[in-house]
2 protein chains.
Amino acid sequence: MKKSTLSRKQEIYRIAAQLFKEKGYSAVTMRDLAAAVGVKAASLYNHITSKQQILSETILHIAEQFTEGIEIIVQQDVDAITKLKEVIAQHISLTIDNPYGMAALNNDWMHLEGKLDYYLELRTRYEKRFRQIVIDGKKSGELKEVHTEILLYSILTTLRNLYLWIPKKGELKKEELIEELSITLIQGVEK
Amino acid sequence: MKKSTLSRKQEIYRIAAQLFKEKGYSAVTMRDLAAAVGVKAASLYNHITSKQQILSETILHIAEQFTEGIEIIVQQDVDAITKLKEVIAQHISLTIDNPYGMAALNNDWMHLEGKLDYYLELRTRYEKRFRQIVIDGKKSGELKEVHTEILLYSILTTLRNLYLWIPKKGELKKEELIEELSITLIQGVEK
DNA sequence: AAATTAGACTAACAATTGTTAGTTTTACAA
DNA sequence: TTGTAAAACTAACAATTGTTAGTCTAATTT
């Protein structure tokens with residue numbers, strides 16, 4: 001495979017992820033994708049092997065980054081609040097890098113066919129690590145005594161859906177976003 | 001139309017919303033829906049007029065409740081924090097009443113055909129009222145000086161995705177959930 | 001210049017889609 | 001018991017789906 005082939009494939013993947021974000025995997029046809037790329041549907045198959053493969057490579061690549069990232073974070077010897085901030089920063093970074101892929105990860109994971117079990121395993125591992133940070137933070141007195149699951153899903157949901165509004169906030173600097181979102185999520189909105 | 005017809009129609013709508021939540025509107029076929037109802041696909045049309053109608057009635061019914069609800073909340077003569085708590089309570093109530101419909105509202109609104117503009121109008125109105133609460137709260141010194149959009153979307157995203165985990169929390173009482181989620185969102189997770 | 005190859009094309013496929021038409025069965029009112 | 005209407009059924013439709021086969025063209029390598 002040559003460089004030009006690789007970048008053509010990547011261009012298809014990138015455009016596919018954009019369309020998946022707009023309409024969802026199932027509603028995007030290979031003819032839609034081909035038109036957006038500027039080519040006939042059959043020509044796509046010179047570069048990709050299937051529609052399903054586009055989805056699973058897109059999703060799993062990101063999911064692996066998240067799970068590997070949090071496993072590094074949890075084993076650091078720092079307090080829970082610091083870990084939480086690092087998790088927030090990781091979400092922001094990965095979302096800025098690939099907002100369309102994040103949309104697919106969030107909305108289309110159930111359409112993974114062969115790789116669904118692997119995806120679910122990655123997600124379970126991720127949530128387990130995140131939950132451990134919350135539990136440790138409560139035990140050490142850093143976090144409020146609120147139901148773990150409420151605390152967990154309330155933060156996690158905001159982070160998982162950053163892709164919905166991060167692209168619009170082009171004017172906001174990444175470091176500033178990390179700072180403000182950390183404040184909002186950790187210290188709340190009340191003055 | 002008789003009572004039995006109405007309840008049959010409602011049963012179809014209810015099951016459809018469940019399937020939409022699992023796989024998304026586009027991935028649910030009328031044959032899937034029929035099988036879940038226990039009937040052949042063609043028989044559905046004795047009760048409904050189209051797949052699209054199921055989606056739009058499901059989504060718009062909820063969207064109207066939200067927009068009407070927040071317009072009542074904003075015009076009350078109470079402080080911003082109280083309004084915020086009422087918005088949170090409304091989200092929890094409507095989500096408990098109809099978690100599957102909430103999923104469709106969140107994930108499948110873009111597949112509305114004739115009614116898409118109306119939906120977007122409702123959503124814009126809703127966000128405008130919500131944003132006004134945030135702006136007022138900052139002005140009155142009740143809320144932190146964080147970017148309005150960050151504060152807005154961070155809360156709103158959590159609320160919009162309650163359907164993802166509320167069904168699992170059957171053991172948790174509604175009033176308790178409102179209390180704990182209000183604390184988490186308004187005062188943050190840090191002790 | 002000749003040969004090879006990457007990558008576009010047209011045409012077609014088998015399967016699946018939402019929906020309609022027409023018919024039979026079920027259930028209730030008379 | 002008979003008549004009527006609701007609601008199930010089978011069969012089919014036209015359109016659309018992902019994908020393959022085979023061909024042509026343009027670019028690159030020899």
Side-chain angles (χ1 to χ4, degrees), chain A residues 1-59 104 107-116, chain B residues 1-59 104 107-116:
Chain A
M1 239 179 297
K2 308 227 304 250
K3 177 158 153 271
S4 68
T5 303
L6 268 179
S7 73
R8 190 67 161 151
K9 181 182 172 181
Q10 283 167 343
E11 187 197 5
I12 292 171
Y13 272 58
R14 203 192 68 234
I15 295 175
Q18 290 179 19
L19 296 181
F20 292 167
K21 187 199 168 194
E22 279 170 36
K23 316 203 296 172
Y25 175 75
S26 303
V28 175
T29 72
M30 295 306 280
R31 285 165 183 82
D32 290 338
L33 175 55
V37 173
V39 108
K40 297 288 177 178
S43 306
L44 295 172
Y45 290 84
N46 287 318
H47 306 281
I48 61 151
T49 71
S50 69
K51 187 189 180 190
Q52 175 64 206
Q53 188 210 36
I54 298 178
L55 184 70
S56 69
E57 284 192 22
T58 299
I59 289 181
N107 305 320
D108 289 316
W109 58 267
M110 71 287 278
H111 300 118
L112 289 172
E113 287 158 13
K115 305 283 183 71
L116 177 59
Chain B
M1 244 177 295
K2 307 229 300 254
K3 179 159 152 269
S4 68
T5 304
L6 269 179
S7 73
R8 190 67 163 149
K9 180 181 172 181
Q10 283 167 344
E11 189 197 4
I12 292 170
Y13 272 59
R14 203 193 68 235
I15 295 176
Q18 289 179 19
L19 296 182
F20 293 166
K21 186 198 169 197
E22 279 169 36
K23 316 201 297 174
Y25 175 75
S26 303
V28 175
T29 71
M30 295 306 280
R31 285 164 183 82
D32 290 339
L33 175 55
V37 172
V39 108
K40 297 289 177 178
S43 307
L44 295 172
Y45 289 85
N46 287 318
H47 306 282
I48 61 154
T49 71
S50 69
K51 187 189 181 191
Q52 175 65 205
Q53 188 210 37
I54 298 178
L55 184 71
S56 69
E57 285 193 20
T58 299
I59 289 182
N107 304 321
D108 289 316
W109 58 268
M110 71 288 279
H111 299 118
L112 290 171
E113 287 158 13
K115 306 283 183 70
L116 177 59

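The sequence lines fix the lettering, A, B, ..., with proteins before strands; numbering per chain opens at 1. Worth knowing before you read on, the calculation uses all heavy atoms, side chains too, and leaves out hydrogens, waters and symmetry mates.
- The strand DNA chain C forms stems, runs of 3 or more Watson-Crick or G-U wobble pairs with distances below 3.5 Å, at C:1-27 with D:4-30.
- Per the geometry, CD1 belonging to A:Ile48 stands 17 Å off P belonging to C:dA6, to the nearest Å.
- Against DNA chain C, the stretch residues 107-116 of chain A makes no heavy-atom approach under 4.0 Å.
- Using a 4.5 Å heavy-atom threshold, the side chains of B:Leu112 and B:Gln52 count as touching.
- OP1 and OP2 of C:dA6 both lie 4.0 Å or more from every side-chain N or O belonging to A:Arg8.
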Protein-nucleotides 14-18 of chain D N/O pairs under 3.5 Å:
unit_1 : atom_1 : unit_2  : atom_2 : d
D:dG18 : OP1    : A:Val28 : O      : 3.3
D:dG18 : OP1    : A:Lys51 : NZ     : 3.0
D:dG18 : OP2    : A:Met30 : N      : 2.8
D:dG18 : N7     : A:Arg31 : NH1    : 2.9
D:dG18 : O6     : A:Arg31 : NH2    : 3.0

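- Residues satisfying the side-chain hydrogen bond (donor to acceptor under 3.5 Å, both in side chains) criterion with A:Ser56, sequence neighbours excluded, are absent altogether.
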Are any protein N/O atoms closer than 3.5 Å to N/O atoms in nucleotides 9-11 of chain D? If there are, list each pair with its distance.
unit_1 : atom_1 : unit_2  : atom_2 : d
D:dC9  : OP2    : B:Lys40 : N      : 2.6
D:dC9  : OP2    : B:Ser43 : OG     : 3.0

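- For the pair A:His47 and C:dA6, the criterion of a side-chain N or O lying under 4.0 Å from OP1 or OP2 is not met.
- The shortest heavy-atom contact between B:Ala104 and B:Ile59 is O-CD1, 3.5 Å.
- A search for ring-ring contact (aromatic ring centres under 6.0 Å, His included) contacts involving A:Phe20 returns A:Tyr25, not counting sequence neighbours.
- Considering only residues two or more places apart in sequence or on other chains, B:Gln18 meets the side-chain hydrogen bond (donor to acceptor under 3.5 Å, both in side chains) condition with none of them.
- Looking at residues two or more places apart in sequence or on another chain, you find a side-chain contact (heavy atoms from CB on, under 4.5 Å) between A:Ala34 and A:Val39, A:Ala41, A:Leu44.
- With sequence neighbours excluded, the residues satisfying salt bridge (charged side-chain N to carboxylate O under 4.0 Å, His left out) with B:Lys23 are B:Asp32.
- Rounding to the nearest 0.5 angstrom, the gap separating the NE2 atom in A:His111 from the NZ atom in A:Lys51 is 9.0 Å.
- Contact check for B:Val37 versus B:Arg8: side-chain heavy atoms found under the 4.5 Å cut-off.
- Taking A:Ala36 as the reference, A:Ile15, A:Leu19 meet the side-chain contact (heavy atoms from CB on, under 4.5 Å) condition, with sequence neighbours excluded.
- Scanning for side-chain hydrogen bond (donor to acceptor under 3.5 Å, both in side chains) contacts around A:Glu22 gives an empty result, with sequence neighbours left out.
- Put simply, the side chain of A:His47 does not reach to within 4.5 Å of the side chain of A:Tyr13, judged on heavy atoms.
- Sequence neighbours left out, not one pair with a member in residues 36-50 of chain A passes salt bridge (charged side-chain N to carboxylate O under 4.0 Å, His left out).
- Atoms NZ (A:Lys9) and P (C:dA6) sit 15 Å apart, rounded to a whole Å.
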